[in-house]
**Q** 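Have a look at this one before I ask anything.
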Amino acid sequence: MPDQEDHSGTNAAPAYITTPIYYVNDKPHIGHAYTTTICDVWARAKRFEGRDVFFLTGTDEHGVKVEKSAKERGMEPQALADENAAEFQKVMGLFNLSNDDFIRTTDPRHEEQVRRFVKRLHDQGDIYLGEFEGWYDEGQEEYHTETKAKELDYKSPISQRPLVRATETNYYFRLSAYQERLEKFLAENPDFVRPEARRNEILGRLREGLLDVPVTRTNFSWGIPFPGDEEHVIYVWIDALMNYATALGMADPDSSERARYWPASYHVIGKEILWFHAVIWPALLMALDLPQPRCVYAHSFWISEGQKMSKSLGNFIDLEQLQGYMDTYGRDALRFFLASQGPLGATDSDFSRSQFHETYNTDLVNTLGNCASRTSAMIGKYCEGACPTDTGEDAGGAEEWAQFTAAQMDASLAAMDRFDLSGSIAAAMAIVRKVDAFINETAPFKLAKDPDNAVTVGNILYRCAEAVRIASCLLEAVMPARMNDLRVAWNLGEPSGNIREECTWGRLNPGTEIEKVALFPRVEFTESE
RNA sequence: GGCGAUAUAGCUCAGCUGGCUAGAGCAUGGGAUUCAUAAACCCAAGGUCGCAGGUUCGAGUCCUGCUAUCGCCA
């Protein structure tokens with residue numbers, strides 16, 4: 001398991017989490033927002049634990065597609081990249097993302113280090129000049145393997161023109177040489193590729209044997225020139241993967257203060273790019289003699305109202321739509337939905353308006369919001385708005401609550417550690433549900449009718465408020481703004497940076513002014529936007 | 001085509017190495033209650049566990065075939 005070390009909070013162990021860098025030829029949509037948001041949740045959670053976190057995201061800007069799109073629009077590739085990179089940076093603001101850096105593959109710091117890495121690989125013989133012969137589709141500018149070409153009846157699937165036999169000289173990475181080491185590494189690190197279904201896919205393909213992979217192209221020029229042979233341009237994938245290392249200055253002799261974050265705790269990616277991260281990237285790191293990341297986590301996809309999102313259907317959930325959800329339900333509600341209902345497993349998740357609404361109502365309005373509301377309302381009515389004292393007696397002992405909340409905190413933090421966001425959220429929500437049950441059982445609103453019960457009512461309400469406070473701390477990484485609203489209304493102060501300490505039972509001070517809160521306003525359901 | 005996965009209540013899913021009348025959450029219907037955001041709570045209804053065979057004293061759980069859906073194929 002990743003990141004089991006040091007929960008004391010006294011020694012801030014570094015943690016490093018990354019999103020893929022996003023291809024600027026695409027428009028940002030829910031997939032990008034999702035990956036970045038779940039990384040943000042993890043990063044915040046680790047910071048609350050007192051960890052020294054580095055959270056990286058960025059954009060992938062080279063390659064033939066960007067070059068082409070730029071030409072079509074009559075602009076320079078860099079201008080197009082600038083324009084679209086800005087779109088992706090907009091996501092950071094929109095979702096309140098706490099990334100520590102935003103790397104672009106056109107950054108000079110990146111390009112310099114990639115050349116340095118590649119030169120090293122070439123010098124030591126891991127990259128060699130080789131020739132490739134295959135079936136070439138002149139219209140699409142791509143090669144097909146023999147089996148694929150046969151399947152296509154040796155014709156272009158787009159233009160129907162015959163494929164031609166062509167030869168290309170490229171630089172290759174000696175991936176095949178790493179077959180055994182990769183197999184051994186994956187066998188010894190069962191949690192390296194997650195979830196397990198994805199790991200099995202990789203193991204299966206690995207058994208079929210590895211071929212060397214091209215690391216340069218000559219059919220376009222928008223990229224990083226190969227050191228010493230500038231006609232060749234470094235293939236986007238190699239360029240892109242290396243961002244994880246270049247952002248920390250791993251090939252920069254002058255700037256290494258970020259090197260302490262290496263290696264990544266999590267490279268969070270979508271399942272479509274697993275092969276590069278689970279096989280090629282580790283092999284590159286072996287060749288470069290760098291420590292391996294602890295886990296490559298490949299999540300699945302969001303589908304939209306039961307349908308796969310595709311260009312032909314034009315049903316991508318884009319930033320405008322997400323903005324719409326935020327306007328109606330609030331940004332934190334969207335973060336909560338993404339984190340709790342997202343496709344972290346092997347299967348895809350459906351993003352539908354009705355399901356979003358249902359989740360919002362059930363978990364946030366009816367459970368969390370309502371519980372905070374009824375607790376603070378009773379403190380307002382029966383305790384003059386001041387947090388009561390817990391004498392430790394009567395109805396549902398304080399010791400049991402202390403034990404219960406401590407167990408839920410452990411479960412919540414452990415789930416977060418293994419990137420089980422919905423599990424982490426569920427453990428926190430269980431505290432809230434228990435408070436609701438406790439209120440129903442002990443009925444402080446009935447006891448309060450008799451002044452003789454004042455002590456018991458105080459005991460009950462202290463326990464309710466304290467439990468809600470602890471749950472809110474555990475949910476702060478997911479919903480920083482709303483949970484901060486609670487902090488303000490209940491005068492809880494700032495997060496301490498040591499969540500274990502903060503979740504200790506009894507930290508809530510009697511006498512604290514508790515103001516009634518309505519954290520999540522009820523929303524009318526509308527079929528369309 | 002090759003390799004692999006999945007098919008369980010209206011929806012999303014649990015059901016480990018086979019063992020009593022198949023579970024949860026949400027949605028639905030009814031009840032009770034009032035501190036609370038028409039909320040929390042209680043009860044009910046709802047499934048031939050994809051189809052067909054087989055192994056077994058006994059299979060949602062193992063085997064075979066079929067169907068459907070999905071993933072990966074550098």
Side-chain angles (χ1 to χ4, degrees), chain A residues 132 134 142-148 150-152 172-173 175-176 179 193 195-215 235 237 270-280 283 298 300-301 303 306 308 340-343 345-352 354-383 422-423 426 429-430 432-449 457 460-461 464-465 468 516-525:
Chain A
F132 172 81
E142 63 181 3
Y143 280 87
H144 294 292
T145 59
E146 181 60 41
T147 43
K148 180 76 179 175
K150 193 173 176 183
E151 209 174 280
L152 295 170
Y172 283 82
F173 173 57
L175 182 62
S176 60
Q179 172 100 30
V193 179
E196 205 185 347
R198 297 275 100 86
R199 166 184 159 82
N200 292 338
E201 273 176 24
I202 291 299
L203 292 177
R205 278 185 68 185
L206 216 43
R207 274 192 292 274
E208 292 169 15
L210 291 172
L211 299 178
D212 293 347
V213 289
V215 296
Y235 189 33
W237 267 109
K271 60 185 172 180
E272 81 282 10
I273 53 174
L274 179 60
W275 180 253
F276 296 96
H277 285 80
V279 173
I280 297 175
S300 298
F301 299 143
I303 57 177
K308 198 168 179 169
S340 65
Q341 309 292 315
T347 51
D348 296 345
S349 298
D350 191 18
F351 191 108
S352 71
S354 61
Q355 205 208 336
F356 186 100
H357 187 79
E358 192 178 295
T359 300
Y360 178 75
N361 266 345
T362 303
D363 290 333
L364 297 182
V365 179
N366 295 352
T367 304
L368 180 57
N370 186 57
C371 185
S373 169
R374 69 198 299 209
T375 297
S376 48
M378 283 190 281
I379 289 174
K381 279 188 182 174
Y382 311 138
C383 311
S422 65
M429 292 297 287
V432 179
R433 289 180 212 283
K434 179 140 173 152
V435 171
D436 272 333
F438 183 58
I439 293 173
N440 290 328
E441 274 167 35
T442 57
F445 44 88
K446 278 184 186 163
L447 297 176
K449 287 172 183 164
V457 168
I460 292 168
L461 293 181
C464 292
V468 169
K516 187 182 164 181
V517 283
L519 298 172
F520 302 97
R522 193 161 291 280
V523 173
E524 283 298 309
F525 180 69

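FYI, side chains are in, hydrogens and waters are out, and symmetry mates aren't considered; it's all heavy atoms of this structure.
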**Q** Any Lys/Arg nitrogen of A:Lys308 or A:Asp348 sitting under 4.0 Å from an Asp/Glu carboxylate oxygen of the other?
**A**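 Salt bridge flag = no for A:Asp348 with A:Lys308.
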
**Q** Figure out the CG/P separation between A:Asp350 and B:C70, and round it to whole Å.
**A**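 Result: 14 Å.
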
**Q** I need the minimum non-hydrogen distance between A:Phe520 and A:Leu368, along with the two atoms involved.
**A** CE1-CD2, 3.8 Å

**Q** Treating A:Ser376 as the side-chain partner and A:Ala372 as the backbone partner, does any N or O pair qualify as donor plus acceptor under 3.5 Å?
**A** yes

**Q** With sugar-phosphate meaning primed atoms plus P, OP1 and OP2, does A:Leu175 contact a base, only sugar-phosphate, or nothing at under 4.0 Å between heavy atoms?
**A** nothing

**Q** Closest-nucleotide mapping onto RNA chain B: is A:Glu358 or A:Gln355 further toward the 5' terminus? I mean the 5' end.
**A** A:Gln355

**Q** Across all strands shown, which nucleotide pairs with B:C16 by Watson-Crick or G-U wobble geometry, both distances under 3.5 Å?
**A** none

**Q** Find the partner of B:A44: check Watson-Crick (N1-N3 plus N6-O4 or O6-N4) and G-U wobble (N1-O2, O6-N3) distances, both under 3.5 Å, and reply none if neither fits.
**A**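 By the stated definition (distances under 3.5 Å), B:U28 pairs with B:A44.
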
**Q** Whole angstrom is fine here: how far is it from CG in A:Asp348 over to P in B:U12?
**A**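 After rounding, the reported distance stands at 13 Å.
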
**Q** Want to settle it: does A:Thr367 or A:Asn200 sit nearer the 5' end of RNA chain B, counting the closest nucleotide to each?
**A**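 It is A:Asn200 whose nearest nucleotide is closer to the 5' end.
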
**Q** What is the separation between atom CD1 on A:Ile273 and atom P on B:A74, rounded to the nearest whole Å?
**A**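 One finds 16 Å between P of B:A74 and CD1 of A:Ile273, rounded.
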
**Q** Please give the distance between the C1' atoms of B:U67 and B:C41 as a whole number of Å.
**A** 45 Å

**Q** To the nearest Å, give me how far apart CG (A:Leu203) and C1' (B:G71) are.
**A** 15 Å

**Q** Using atom C1' in both nucleotides, what's the gap between B:U6 and B:G15 to the nearest angstrom?
**A**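 My reading of the C1' atoms in B:U6 and B:G15 gives 15 Å.
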
**Q** If the C1' atom of B:C20 is compared with that of B:A59, how far apart are they to the nearest Å?
**A**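 It works out to 14 Å between them.
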
**Q** Below 30° counts as parallel, above 60° as perpendicular, anything between as tilted: where do the rings of A:Trp237 and A:His277 land?
**A**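 A:Trp237 and A:His277: perpendicular rings.
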
**Q** Provide the distance between the two C1' atoms, one in B:A40 and one in B:C26, to the nearest whole Å.
**A**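 Between the two C1' atoms, the distance is 16 Å.
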
**Q** A:Ser176 side chain to A:Leu210 main-chain N or O, any donor-acceptor pair under 3.5 Å?
**A**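 Not a single qualifying donor-acceptor pair exists.
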
**Q** Is there a Watson-Crick or G-U wobble partner for B:C51 with both distances under 3.5 Å, and which nucleotide is it?
**A**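 B:C51 is paired, partner B:G65.
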
**Q** Over all strands shown, is A:Lys434 touching base, sugar-phosphate only, or nothing at heavy-atom distances under 4.0 angstrom?
**A**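 The residue A:Lys434 makes no contact with any strand.
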
**Q** Could you check which nucleotide pairs with B:U33 in any of the strands shown, counting Watson-Crick or G-U wobble with both distances under 3.5 Å?
**A**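 Because no pair has both required distances under 3.5 Å, B:U33 counts as unpaired.
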
**Q** Measure from the side-chain heavy atoms of A:Thr362 and tell me the nearest of B:C26, B:G71, B:C73.
**A** B:C26

**Q** A:Lys271 has an atom NZ; how far is it from atom P of B:A74, in whole Å?
**A**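 These atoms are roughly 17 Å apart.
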
**Q** Base, sugar-phosphate or nothing for A:Arg433? Non-hydrogen atoms, less than 4.0 Å.
**A** nothing

**Q** Measure the distance from CG on A:Asp363 to P on B:A40 and round it to the nearest whole Å.
**A**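 Between P of B:A40 and CG of A:Asp363: 11 Å.
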
**Q** Rounding to an integer number of angstrom, what distance separates B:U48 and B:G60 when you compare their P atoms?
**A** 13 Å

**Q** Whole angstrom is fine here: how far is it from CD in A:Gln341 over to C1' in B:G25?
**A** 10 Å

**Q** My understanding is that a pair needs two contacts under 3.5 Å, Watson-Crick or G-U wobble. By that rule, which nucleotide pairs with B:G4?
**A**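 B:C70 - that is the nucleotide pairing with B:G4, both distances being under 3.5 Å.
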
**Q** If you count the non-hydrogen atoms of other residues, nucleotides and ligands that lie under 6.0 Å from CD in A:Glu196, is the total more than 12?
**A** no

**Q** Would you confirm whether A:Ser300, through its side chain, and A:Ala346, through its main-chain N or O, come within 3.5 Å as a donor-acceptor pair?
**A**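 Present.
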
**Q** How close do A:Val193 and A:Arg199 get, heavy atom to heavy atom, and via which atoms?
**A**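 In terms of heavy atoms, the two residues are closest at O-CB, 3.4 Å.
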
**Q** Counting any heavy atom closer than 4.0 Å, what does A:Gly209 reach on the DNA or RNA strands: base, sugar-phosphate only, or nothing?
**A**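 Base, at least one base heavy atom under 4.0 Å.
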
**Q** For the P atoms, the ones on B:A5 and on B:U21, what distance do you get once it is rounded to whole angstrom?
**A** 31 Å

**Q** For B:U33 versus B:U69, give the span between their C1' atoms, rounded off to a whole number of Å.
**A**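 Each nucleotide's C1' atom is 47 Å from the other's.
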
**Q** Roughly how far apart, to the nearest Å, are B:U34 and B:A14 at atom P?
**A** 40 Å

**Q** Quick one: closest heavy-atom pair of A:Ala448 and A:Val457, and the distance?
**A**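 So the two residues come closest at N-CG2, 3.8 Å.
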
**Q** How does protein reach along nucleotides 28-38 of chain B, written 5' to 3' as B (base within reach of a heavy atom under 4.0 Å), S (only sugar-phosphate), or - (no contact)?
**A** ------SBBB-

**Q** Could you tell me how far apart A:His357 (NE2) and B:C26 (C1') are, to the nearest whole angstrom?
**A** 13 Å

